[in-house]
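Per chain, numbering begins at 1; letters A, B, ... match sequence-line order.
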Number of protein chains: 2
Amino acid sequence: MVKPKRLSRSCVLRLELYLEIIEQFQKEGRQYVTSSDIGSALGIAPGNVRQDLFGLGSAGRPKVGYEVTRLIALIRDLFDLDREKPACIIGFGNLGRALAGSNMWSRGGYKLAAIFDNDPSIVGTDFAGLRVRSIAEIFGVIKTQGIEMAVITVPASAAQEVADIVQNAGVKAIWNFVPVRLNMPETVAVENQSLAWGLITLSHRTRPAQ
Amino acid sequence: MVKPKRLSRSCVLRLELYLEIIEQFQKEGRQYVTSSDIGSALGIAPGNVRQDLFGLGSAGRPKVGYEVTRLIALIRDLFDLDREKPACIIGFGNLGRALAGSNMWSRGGYKLAAIFDNDPSIVGTDFAGLRVRSIAEIFGVIKTQGIEMAVITVPASAAQEVADIVQNAGVKAIWNFVPVRLNMPETVAVENQSLAWGLITLSHRTRPAQ
DNA sequence: ATGGTGTTGTTAACAATTTAACGACTAATC
DNA sequence: GATTAGTCGTTAAATTGTTAACAACACCAT
């Protein structure tokens, strides 16, 4: 049974938080969690949690709570987290390296399958068993390996060009760290991630009263 | 004239986008921008843009648009971006290094003033003219340098402890990259940034129909 | 059994946000 | 000058998201 209903962005964000917390509970050996357990751990009203879970078509038991394994399976299925989708990084500077080395890939249902860079001194080096390839190989590698997602961390001047290449090669999702609005067809899911956002938000929130 | 009204989170996010776009227009030599210019570049309805700008107490001219310099000044003032607030990074792994080397600091109104790490092989090394200091020095350095913000990129097990230290030292904002809910008083602004979020969101958005 | 208690599923009220609409004003044109 | 076209400021409506409330249900104790 699949929900055709679209979830709001904030709801997706909350569900991601739920998943993390519930998996923590699971590690602690819990078999059931209540909406209050989740809510109080996250600072979210229990009713809100129930409503989100309700939208999943969940099946909790009154007085007991939700079955941890079932809830995890539901959310992971919703997010398609249990299929290791091949992904690549384009631009292997500091940020690219940090992302490549993080544990986010498996958490997000992806597998780092290729790394590309422009710099001849970087191309050919190894990282975690992966050889860094030249930009010229992007199209072919994406095609042959069936890569579905590209993380773009190149200089601003090259971003659109790189995006065009990966789109033509059939990539379905782009995680764009470059502060540039990519011009892409709607069939490609683009998430823009500006590093400065967090800083600016904090700067705003701590602005001295005038 | 200061607005006591609180802006919604989504409005803050949009204003950050506006700022980037408007500064691009400025680089291109434009003196005025219309709400349509901004909106179409961002995929946002012009009316929405006007309403956001209206909330700033803006002063556009019909038929002409908004004065670029004035608009930039307004938003930068709103976000307190023109005061170089000292900040620090705690945890100098790959992610810490990537953040340290990025140009986000000046964009976000901060200045990287100190770097801390636990690893003896890293402590004492230099990065961009900054000596990496030991964790033990955090409290003193924050106090003496008046550091207002801390970026935390340490392992999960150390996050809460580090947060407590910086909070006691007087830090007013924390940018938390650790997938852990920090327990902090409300006087401290905490922004949580999970790297996996972007991936999970993309995974969700490109989930094959079932 | 039976009543009490805690928790879910679900609905309804409420609040916030987005979208739409339109008068007012400015600059350009004839 | 008068007219036209384009854009802002502002208000109202529609949509969306959040919060509150409560009946139904399951477990527990007696």
Side-chain angles (χ1 to χ4, degrees), chain A residues 1 3-18 21-22 25 30-75 78 201 204-205, chain B residues 1 3-18 21-22 25 30-75 78 201 204-205:
Chain A
M1 190 189 72
K3 298 269 150 180
K5 194 157 127 201
R6 265 221 305 276
L7 297 152
S8 74
R9 194 174 184 78
S10 42
C11 182
V12 170
L13 206 88
R14 279 197 302 272
L15 283 168
E16 294 176 10
L17 291 172
Y18 299 166
I21 287 290
I22 296 166
F25 279 128
R30 299 270 306 259
Q31 293 211 341
Y32 291 91
V33 288
T34 68
S35 56
S36 301
D37 291 337
I38 300 173
S40 67
L42 253 37
I44 296 175
N48 199 342
V49 176
R50 280 203 298 282
Q51 201 163 29
D52 290 337
L53 265 33
F54 170 54
L56 286 182
S58 71
R61 285 162 61 188
K63 180 90 178 187
V64 175
Y66 301 86
E67 198 185 343
V68 167
T69 56
R70 176 165 162 70
L71 215 44
I72 291 177
L74 271 174
I75 300 180
L78 172 73
T201 304
H204 172 54
R205 287 177 57 187
Chain B
M1 190 189 75
K3 297 270 149 178
K5 194 157 127 203
R6 267 220 303 275
L7 298 152
S8 74
R9 194 175 184 77
S10 42
C11 183
V12 168
L13 206 87
R14 278 197 304 273
L15 284 167
E16 294 177 10
L17 291 171
Y18 298 166
I21 287 289
I22 297 166
F25 278 128
R30 300 269 306 259
Q31 294 209 339
Y32 291 89
V33 289
T34 68
S35 56
S36 300
D37 292 336
I38 300 173
S40 68
L42 253 37
I44 296 175
N48 199 341
V49 176
R50 281 204 298 282
Q51 201 162 30
D52 288 338
L53 264 35
F54 170 55
L56 285 183
S58 72
R61 285 164 60 189
K63 181 92 177 183
V64 177
Y66 301 85
E67 197 185 344
V68 167
T69 55
R70 176 167 161 68
L71 215 44
I72 291 177
L74 272 174
I75 301 180
L78 172 73
T201 304
H204 172 54
R205 287 177 56 187

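Here the straight-line distance linking atom CD1 of A/Ile38 with atom CD1 of A/Ile21 works out to 8.5 Å at 0.5 Å rounding. In this structure, CZ in B/Phe25 is found 11.5 Å from CG in B/Leu71, a value given to the nearest 0.5 Å.
In this structure, B/Leu71 places its CG atom 14 Å from C1' of D/dT7, rounding to the nearest Å. Taking atom CG on A/Leu13 and atom C1' on D/dT18, their separation rounds to 15 Å, with Å as the unit. Between the CZ atom of B/Arg9 and the P atom of D/dG17 there is a distance of 17 Å, rounded to whole Å. Spacing between atom CZ of A/Phe54 and atom P of D/dC22 amounts to 19 Å, rounded to whole angstrom units.
OP1 or OP2 of D/dC8 sits under 4.0 Å from a side-chain N or O of B/Ser35. Listed pair B/Ser58 / D/dG9 meets the phosphate criterion, a side-chain N or O lying under 4.0 Å from OP1 or OP2. Distances shorter than 4.0 Å separate none of the side-chain N or O atoms of A/Tyr32 from OP1 or OP2 on C/dT8.
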Under 3.5 Å, which donor-acceptor pairs do the side chains of residues 58-68 of chain A form with other protein atoms, sequence neighbours left out?
| residue | atom | partner | partner atom | Å |
| --- | --- | --- | --- | --- |
| A/Ser58 | OG | A/Leu53 | O | 3.2 |
| A/Arg61 | NH1 | A/Tyr32 | OH | 2.9 |
| A/Glu67 | OE2 | A/Thr69 | OG1 | 3.3 |

Using distance only, find each side-chain donor-acceptor pair of residues 39-51 of chain A under 3.5 Å and give its atom names and separation, not counting sequence neighbours.
| residue | atom | partner | partner atom | Å |
| --- | --- | --- | --- | --- |
| A/Ser40 | OG | A/Ser36 | O | 3.0 |
| A/Ser40 | OG | A/Asp37 | O | 3.4 |
| A/Arg50 | NH1 | A/Ser35 | OG | 3.0 |

With B for base contact, S for sugar-phosphate-only contact and - for none (protein heavy atoms under 4.0 Å), nucleotides 18-30 of chain C reads BB-B---BBS---
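Applying the side chain to side chain donor-acceptor pair (under 3.5 Å) test to A/Arg205 and every residue at least two apart in sequence or in another chain returns B/Glu191.
Side-chain atoms of B/Thr34 lie closest to D/dT7 of the nucleotides D/dT7, D/dG9, C/dG9.
Within the 4.5 Å cutoff, side-chain heavy atoms of B/Leu78 are placed close to those of B/Leu7.
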